Number of protein chains: 2
Amino acid sequence: MQPPRATIKDVARACGVSTQTISRVLNDRVDVSPATREKVLAVIDQMGYLPSAYARGMRQQSSTLGVVLAGLQHKGISTTLKGITLEAQNYGLDLILKELPSFEATNMKPLIQSLMTQQVMGIIYAAPEVGDNWVQVQKSIPPHCPPIVYLKGNPASAPLSISIDNYQGAYLVSNHLIAQGYQNIAHISGPLDWFEARERRRGWSQALRDAGRSVGDNSLQEGSWDTASGHNAFTKLLKGFPEMDAVFVANDQMALAVLSCAWQHGLKVPEQLGVAGFDGISESAYFIPSLTTVKQDFRGLGALAVRKIKQLQEPEMSSSKVGADTTILTPELIIRASTQRSIERA
Amino acid sequence: MQPPRATIKDVARACGVSTQTISRVLNDRVDVSPATREKVLAVIDQMGYLPSAYARGMRQQSSTLGVVLAGLQHKGISTTLKGITLEAQNYGLDLILKELPSFEATNMKPLIQSLMTQQVMGIIYAAPEVGDNWVQVQKSIPPHCPPIVYLKGNPASAPLSISIDNYQGAYLVSNHLIAQGYQNIAHISGPLDWFEARERRRGWSQALRDAGRSVGDNSLQEGSWDTASGHNAFTKLLKGFPEMDAVFVANDQMALAVLSCAWQHGLKVPEQLGVAGFDGISESAYFIPSLTTVKQDFRGLGALAVRKIKQLQEPEMSSSKVGADTTILTPELIIRASTQRSIERA
DNA sequence: CGCGCTCGATCTGAAACACGA
DNA sequence: CTCGTGTTTCAGATCGAGCGC
């Protein structure tokens with residue numbers, strides 16, 4: 001077999017100095033003579049020595065971040081994670097990832113505990129707020145828990161959170177549909193036990209009411225975010241709300257199914273039916289026709305979360321213990337062909 | 001401030017036993033009397049004690065997995081990661097994630113070293129094989145490196161690898177286009193410094209040749225996997241290969257752009273133009289028209305990788321040190337409306 | 001620059017105890 | 001009463017690095 005991995009002692013012996021000197025070189029201290037330092041570095045390189053994070057972690061603050069998320073198959077989640085990984089690497093932080101097996105999973109105590117066992121310096125919680133799982137999370141937080149930054153939930157429910165103004169985005173896009181002259185605007189929502197889904201619905205209904213329109217029960221259908229569910233929901237709307245001439249869909253993936261279904265029924269978009277989505281995934285520019293949507297900066301969201309945790313480590317911050325630190329990002333309306341009946345399609 | 005976290009000593013003191021007994025309870029040993037065990041568990045729960053993974057890691061084999069990947073924004077990659085996370089949690093493994101900032105990044109030595117510093121038991125390398133970065137990876141592997149399982153690369157280049165038979169998938173779908181009676185079949189490839197892109201192109205050209213067709217330079221355009229690049233590539237094909245009546249696109253996202261562009265030019269799919277993709281992302285069933293594609297089991301790929309590393313830990317395996325352990329998964333052809341000109345579109 | 005101690009857990013060897021022969 | 005046998009427990013050394021002196 002191969003020899004066990006070299007330790008700091010092996011290096012020390014090979015250099016003819018004490019382990020302390022090696023340690024100093026590793027940590028870039030000044031009190032080592034240039035000659036010794038060079039010699040040590042050479043030996044380290046030659047032996048392929050790497051310090052043990054475990055041993056080191058016993059004496060120092062860890063530089064590991066925990067991330068809890070759910071639904072990696074959704075583009076918004078995976079893009080957020082990309083933002084997190086890149087920013088964490090910028091700051092030299094390691095990252096331990098946990099994924100909830102399903103959105104309904106409420107018992108995350110073991111996940112949080114496992115992260116605490118790893119001595120993480122902070123936790124980014126990017127799983128959606130569904131039903132009462134927020135309560136479950138709160139109950140799962142053990143004493144001595146590192147700071148947790150919550151993404152994409154109800155900003156009111158957590159002390160440290162970053163979210164996107166779903167209400168505002170939905171209001172903007174609904175208003176745009178009204179301005180384009182559409183009369184009967186339906187909504188396909190996300191699962192209504194999701195906070196984000198409820199906010200988007202609220203933006204839609206408020207925009208209609210502010211424009212003096214009535215909001216009937218038959219103009220709303222609930223989806224599950226999945227493309228397939230968009231198909232079902234739209235089919236029901238066609239039956240139950242035949243006067244519909246526009247629909248605001250709670251995410252782009254379901255909007256894709258609406259476009260597909262409308263095409264199969266020979267409905268012309270945007271002439272006979274206006275369609276708008278939410279999320280602003282890059283593919284939406286290539287839907288047929290290109291999709292009007294509300295763009296969220298998922299990547300920026302992830303990066304911001306990392307920076308927030310990093311800030312909490314600064315000594316001056318930890319003392320001031322900001323009671324509530326809530327950031328709300330504003331989404332951006334992107335107008336494309338699927339809602340512009342006045343002009344030629346691009 | 002709050003008191004520091006409880007250690008095993010605190011628990012021992014509170015129970016009036018030695019730390020050794022606590023340790024035994026934590027590790028589910030048999031040699032603890034039921035009374036003592038219960039008492040200890042109660043105190044642990046009451047104090048909110050959690051063992052430190054660092055201290056533990058100094059004496060035992062770690063149960064942490066390292067994952068290196070690139071391109072989380074691509075659906076295939078994020079789905080693979082989902083497979084990895086869920087399977088790892090099945091086995092009680094922790095997971096440290098590293099993402100290459102770009103596909104071109106070749107200097108991954110620091111990433112691998114950082115993982116080794118964390119004493120990972122194995123590494124899953126799911127970044128694509130691009131250009132000569134394979135050579136770079138090899139050079140970056142320090143001595144005493146834990147086993148590395150490579151996903152999606154050239155199976156020949158790594159001892160431990162899992163990949164999907166891109167050649168076979170491409171051959172199947174190209175053959176299908178031929179069988180449907182399409183005469184002039186173009187290809188939009190991925191970036192040709194990617195192994196996978198070259199394999200798919202090879203499958204396409206071989207299928208054409210086997211059918212007695214010639215393969216001209218003007219029937220091939222290179223994309224970058226991104227939807228936008230599909231648009232460019234297709235525009236060039238329209239100009240340079242006007243007799244084209246079908247196109248095999250190297251991934252679904254670029255195929256979306258082809259459908260979009262064809263629609264803008266008034267080209268009817270599948271009647272005037274057959275279109276097929278690769279990957280089998282769930283949205284492709286809702287493209288207009290629904291897309292024929294080659295489905296890869298990304299999730300299964302990730303799960304398999306975890307199991308493979310797990311296997312290597314079994315003592316009987318490590319001794320037999322299998323020289324080359326290569327798994328090649330077979331992709332599945334999914335025939336949808338975009339290539340079926342004989343029948344009505346669904 | 002180095003010695004010796006420390007971090008928090010695990011491992012080793014052996015002690016303390018109960019039991020029946 | 002002593003001796004083995006087996007169970008339960010403990011004190012002390014130990015892992016690899018960092019820190020004070």
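Small disclaimer: the values here were computed from a predicted structure and weren't measured. Per chain, numbering begins at 1; letters A, B, ... match sequence-line order. Below, all heavy atoms of this structure are taken into account, side chains as well, without hydrogens, waters or symmetry copies.
Less than 4.0 Å separates DNA chain C from at least one heavy atom of each of the following residues of residues 45-54 of chain B: B:Y49, B:L50, B:P51, B:S52.
As a whole-Å value, the separation of A:K9 NZ from D:dG18 P is 14 Å. Atom CE in A:M116 sits roughly 14 Å away from atom P in C:dG8 (whole-Å rounding). Going from atom CZ of A:R5 over to atom C1' of D:dA17 covers 13 Å, rounded to whole Å. Between A:Q61 atom CD and C:dG8 atom P there is a gap of 14 Å when expressed in whole angstrom units. Residue A:Q60 contributes atom CD, which lies 12 Å from atom P of D:dA17 at whole-angstrom precision. Rounded to a whole Å, the CG atom of A:N27 is 12 Å from the P atom of D:dG20. Residue A:M58 contributes atom CE, which lies 14 Å from atom P of D:dC19 at whole-angstrom precision. Between the CD1 atom of A:I22 and the P atom of D:dG18 there is a distance of 11 Å, given to the nearest Å.
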What pairs of nitrogen or oxygen atoms, one from the protein and one from nucleotides 7-13 of chain D, lie under 3.5 Å apart?
{"unit_1": "D:dT9", "atom_1": "OP1", "unit_2": "B:S33", "atom_2": "OG", "d": "3.4"}
{"unit_1": "D:dT9", "atom_1": "OP1", "unit_2": "B:T36", "atom_2": "OG1", "d": "2.6"}
{"unit_1": "D:dT9", "atom_1": "OP2", "unit_2": "B:S33", "atom_2": "N", "d": "3.2"}
{"unit_1": "D:dC10", "atom_1": "OP2", "unit_2": "B:S18", "atom_2": "N", "d": "2.8"}
{"unit_1": "D:dC10", "atom_1": "OP2", "unit_2": "B:S18", "atom_2": "OG", "d": "3.4"}
{"unit_1": "D:dC10", "atom_1": "OP2", "unit_2": "B:T21", "atom_2": "OG1", "d": "2.9"}
{"unit_1": "D:dC10", "atom_1": "N4", "unit_2": "B:R24", "atom_2": "NH1", "d": "3.4"}

Please output the side-chain donor-acceptor pairs of residues 13-27 of chain A that fall under 3.5 Å, not counting sequence neighbours, one pair per line with the distance.
{"unit_1": "A:S18", "atom_1": "OG", "unit_2": "A:Q20", "atom_2": "N", "d": "3.2"}
{"unit_1": "A:N27", "atom_1": "ND2", "unit_2": "A:S23", "atom_2": "O", "d": "2.8"}

Atom pairs and distances, donor-acceptor, side-chain atoms in residues 110-121 of chain A, under 3.5 Å, two or more places apart:
{"unit_1": "A:S114", "atom_1": "OG", "unit_2": "A:K98", "atom_2": "NZ", "d": "3.0"}
{"unit_1": "A:S114", "atom_1": "OG", "unit_2": "B:D94", "atom_2": "OD1", "d": "3.3"}
{"unit_1": "A:T117", "atom_1": "OG1", "unit_2": "A:Q113", "atom_2": "O", "d": "3.2"}
{"unit_1": "A:Q118", "atom_1": "NE2", "unit_2": "B:D94", "atom_2": "OD2", "d": "2.4"}

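Remark: B:R59 engages no residue in a salt bridge (charged side-chain N to carboxylate O under 4.0 Å, His left out) (not counting sequence neighbours). A:T327 is linked by a side chain to side chain contact (heavy atoms under 4.5 Å, CB included) to A:I162, A:L304, A:K308, A:D325, A:L329, counting only residues two or more places apart in sequence or in another chain. With sequence neighbours excluded, no residue forms a side-chain hydrogen bond (donor to acceptor under 3.5 Å, both in side chains) with A:E196. With sequence neighbours excluded, the residues forming a salt bridge (charged side-chain N to carboxylate O under 4.0 Å, His left out) with B:R307 are B:E87, listed by chain and number. The salt bridge (charged side-chain N to carboxylate O under 4.0 Å, His left out) search around A:K82 returns B:E99, not counting sequence neighbours.
Projected onto DNA chain C by closest heavy-atom contact, B:R29 and B:A55 fall at different nucleotides, the more 5' of which corresponds to B:A55.
In terms of heavy-atom proximity, B:A126 sits nearest to B:L151 at CB-CD1, 3.9 Å. Here the shortest heavy-atom pairing between B:Y49 and B:T7 reads CE1-C, 3.5 Å.
Using a 4.0 Å heavy-atom criterion, one finds that B:R37 contacts no nucleic acid atom at all.
Using Watson-Crick or G-U wobble geometry with both donor-acceptor distances under 3.5 Å, D:dT14 finds its partner in C:dA9.
Listed nucleotides D:dA17, C:dT10, C:dG8 differ in distance to A:R56; the shortest reach to its side chain belongs to D:dA17.
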